[in-house]
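Here the structure is laid out as structure tokens; the discussion comes afterwards.
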Amino acid sequence: MKEFEEKIQKEGKVITNEILKVDSFINHMVDAALMEKLGQAIADHFKDQGITKVAAIESSGIAPGLMTAKALGLPMVIMKKQPSSILNNNLYETEVISFTKEVGYKLCVSKEYLSEADHVLIVDDFLANGEAATGAVRLIRLAHATIAGIAVLIEKSFQPGHDKLVSQGLDVFALARIGSLEDGKITFLD
Ligand code: 5GP
């Protein structure tokens with residue numbers, strides 16, 4: 001998506017050869033109008049596939065997940081990182097290794113909001129090593145629901161997440177695919 005790539009090029013900050021900061025429009029401040037268009041583009045790709053719910057990974061998946069859910073006319077379920085005491089033990093839970101923080105965390109979802117009747121689209125901001133998305137896939141499988149695919153705003157295609165997910169037969173869709181962040185330069189793939 002051209003407009004999105006231009007925004008990333010203009011406002012994205014290359015922190016290392018592996019990490020891109022997009023805090024001014026995705027991760028800290030959100031460009032709501034752009035996010036609405038991104039959600040619509042994801043919805044257009046996955047429409048007519050019998051999806052029943054959008055699952056967003058907390059916290060940066062929520063903005064794109066919500067816009068996608070709105071465009072599809074579906075509810076969004078948040079896969080939570082901190083189980084609250086009110087969620088108690090009626091949960092599906094799995095352990096995920098965080099890319100940015102290099103520590104493990106628990107991803108969980110209430111058994112009330114996912115069931116075997118669901119066909120779920122997972123939405124997140126970035127795809128890097130694919131750990132977060134794989135954790136979301138595990139939660140959906142624990143609920144015996146099916147997976148329509150994984151949509152991300154930005155895929156860092158030089159990292160292994162894409163291939164890891166595709167090799168499991170999953171449909172991976174990214175609105176921007178970055179081939180390299182070397183030398184402080186953002187290079188997109190076609
Ligand atoms: P993965 O689990 O695919 O290794 O990493 C995906 C998660 O890590 C995303 O949910 C995202 O929040 C975070 N992440 C991975 N790479 C980047 C990056 O380059 N920049 C930012 N801001 N977050 C990232």
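Note that ligands are numbered from 1 as they come in the structure, with each ligand's atoms numbered from 1 the same way. All values reported here derive from a predicted model rather than from experimental measurement.
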K156 and ligand 1 - part of the residue with a heavy-atom distance under 4.0 Å: side chain
Which segment of D125 sits under 4.0 Å of ligand 1 when only heavy atoms are counted: side chain
So is [X] polar-close to ligand 1, meaning N/O to N/O under 3.5 Å?
X    : value
G130 : yes
A128 : yes
L20  : yes

Between the side chains of [Y] and [X], is the shortest nitrogen-to-carboxylate-oxygen separation below 4.0 Å, so that they form an ion pair?
X    : Y    : answer
R177 : E155 : yes
E36  : K70  : no
E18  : K156 : no

H119 side chain to T146 side chain, donor-acceptor N/O pair below 3.5 angstrom: yes
To which protein heavy atom is [atom] closest, and what is the distance rounded to 0.1 Å?
atom                    : value
atom 23 (N) of ligand 1 : F126 CD1, 3.5 Å
atom 15 (C) of ligand 1 : F99 CD2, 3.2 Å
atom 4 (O) of ligand 1  : N129 N, 2.8 Å

Derivation of the side chain to side chain contact (heavy atoms under 4.5 Å, CB included) call for F126 and D124: CA-CA 6 Å; F126 276 88; D124 203 5; 6.0 Å; no
Cation-pi check, K111 onto Y92 ring (under 6.0 Å, within 45° of axis): yes
Hphob cluster co-occupancy, M35 + L20, side-chain heavy atoms under 4.5 angstrom: yes
Going by the atom numbers of ligand 1, which of them fall below 4.0 Å from some non-hydrogen atom of [X]?
X    : value
N27  : 22 (N)
E131 : 1 (P), 2 (O), 3 (O), 4 (O)
A132 : 2 (O)
D124 : 9 (C), 10 (O)
I19  : 19 (O)

Chi angles and distances behind the side chain to side chain contact (heavy atoms under 4.5 Å, CB included) call for L139, V137: CA-CA 6 Å; L139 287 183; V137 164; over 6 Å; no
Steps toward side chain to side chain contact (heavy atoms under 4.5 Å, CB included) verdict (V120, I51): CA-CA 6 Å; V120 184; I51 295 169; over 6 Å; no
